[in-house]
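Order of appearance sets the numbers: ligands from 1, and atoms from 1 within every ligand.
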Amino acid sequence: MSSPVTVKVRRVRTHSEPLPLPRYETALAAGMDLRADIDGELTLGPLERAAVPTGLALALPPGYEAQVRPRSGLALKHGLTVLNPPGTVDADYRGEVHVLLVNLSNEPFILRRGERIAQMVVAPVTQAVLEEVAVLEATERGEGGFGSTGR
Ligand SMILES: O=c1ccn([C@H]2C[C@H](O)[C@@H](COP(=O)(O)OP(=O)(O)OP(=O)(O)O)O2)c(=O)[nH]1
């Protein structure tokens, strides 16, 4: 595992009962859980979606992103998942991180303040320089894809 990077975090609003900051729940966990910074409850009906605030704004170091990913337990037990997985938090984004949650079950899901709704994985990114060419190098695969090697 590479050495940890420092990510600055700012709470975007004050609350009489602040939520704990995200943390790694186990020694080698890849993600830190994000909590719903909502007042009271939010009900997501079947197929409903919402941008759920986390109460946090980040300053990721250049060369890193934060990915917002589903929690498997919520997905399996309640059909609650992230609509745009993985959500991308850019290193230059200073707004509040939101989780785009969708309820893919047939039952309403009642979300409560402080509930852990997603996980955030901080990962290195590489920016590419696009070089336009007329012809690309030939390969064994060529244009085969989308199941060309079999099921
Ligand atoms: O799940 C997400 C995805 C994005 N964002 C924030 C951080 C990210 O840096 C910004 C823009 O995200 P993205 O590039 O995915 O959105 P866009 O629809 O392309 O909007 P924009 O034109 O603002 O880039 O929104 C979140 O808080 N949660």
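The protein heavy atom nearest to atom 7 (C) of ligand 1 is Y93 CD2, 3.3 Å. Protein heavy atom in closest approach to atom 28 (N) of ligand 1: H98 O, 2.8 Å. Among protein heavy atoms, atom 15 (O) of ligand 1 sits closest to T88 O, 4.3 Å.
The shortest side-chain heavy-atom distance between L74 and L101 does not fall under the 4.5 Å cut-off.
Applying the 4.0 Å criterion to heavy atoms of V89 picks out, from ligand 1, the atoms 7 (C), 8 (C), 9 (O). Of all the atoms in ligand 1, the ones that sit under 4.0 Å from a non-hydrogen atom of G87 are 1 (O).
Side-chain atoms of T54 come within 3.5 Å of backbone N or O of V97 as a donor-acceptor pair. R71 places a side-chain N or O within 3.5 Å of a backbone atom of R116 that can act as its donor or acceptor partner. Under the 3.5 Å distance criterion, the side-chain polar atoms of N103 are matched with a main-chain donor or acceptor of L44. Looking at E65, its side chain never comes within 3.5 Å of a backbone N or O of A123 through a donor-acceptor pair.
The N/O atoms of D90, backbone and side chain alike, include one that comes under 3.5 Å of an N/O atom in ligand 1.
Ion pair R113/E115 not flagged as a salt bridge, since none of the NZ, NE, NH1 or NH2 atoms sits closer than 4.0 Å to an Asp/Glu carboxylate oxygen.
Proximity of atom 24 (O) of ligand 1 to the protein is not indicated, since no non-hydrogen protein atom lies closer than 4.0 angstrom. Atom 18 (O) of ligand 1 is never approached by the protein to below 4.0 angstrom, counting heavy atoms only.
Heavy atoms of N84 found under 4.0 angstrom from ligand 1 belong exclusively to the side chain.
Between P86 and R69, the closest heavy-atom pair is CB-CG, 4.1 Å.
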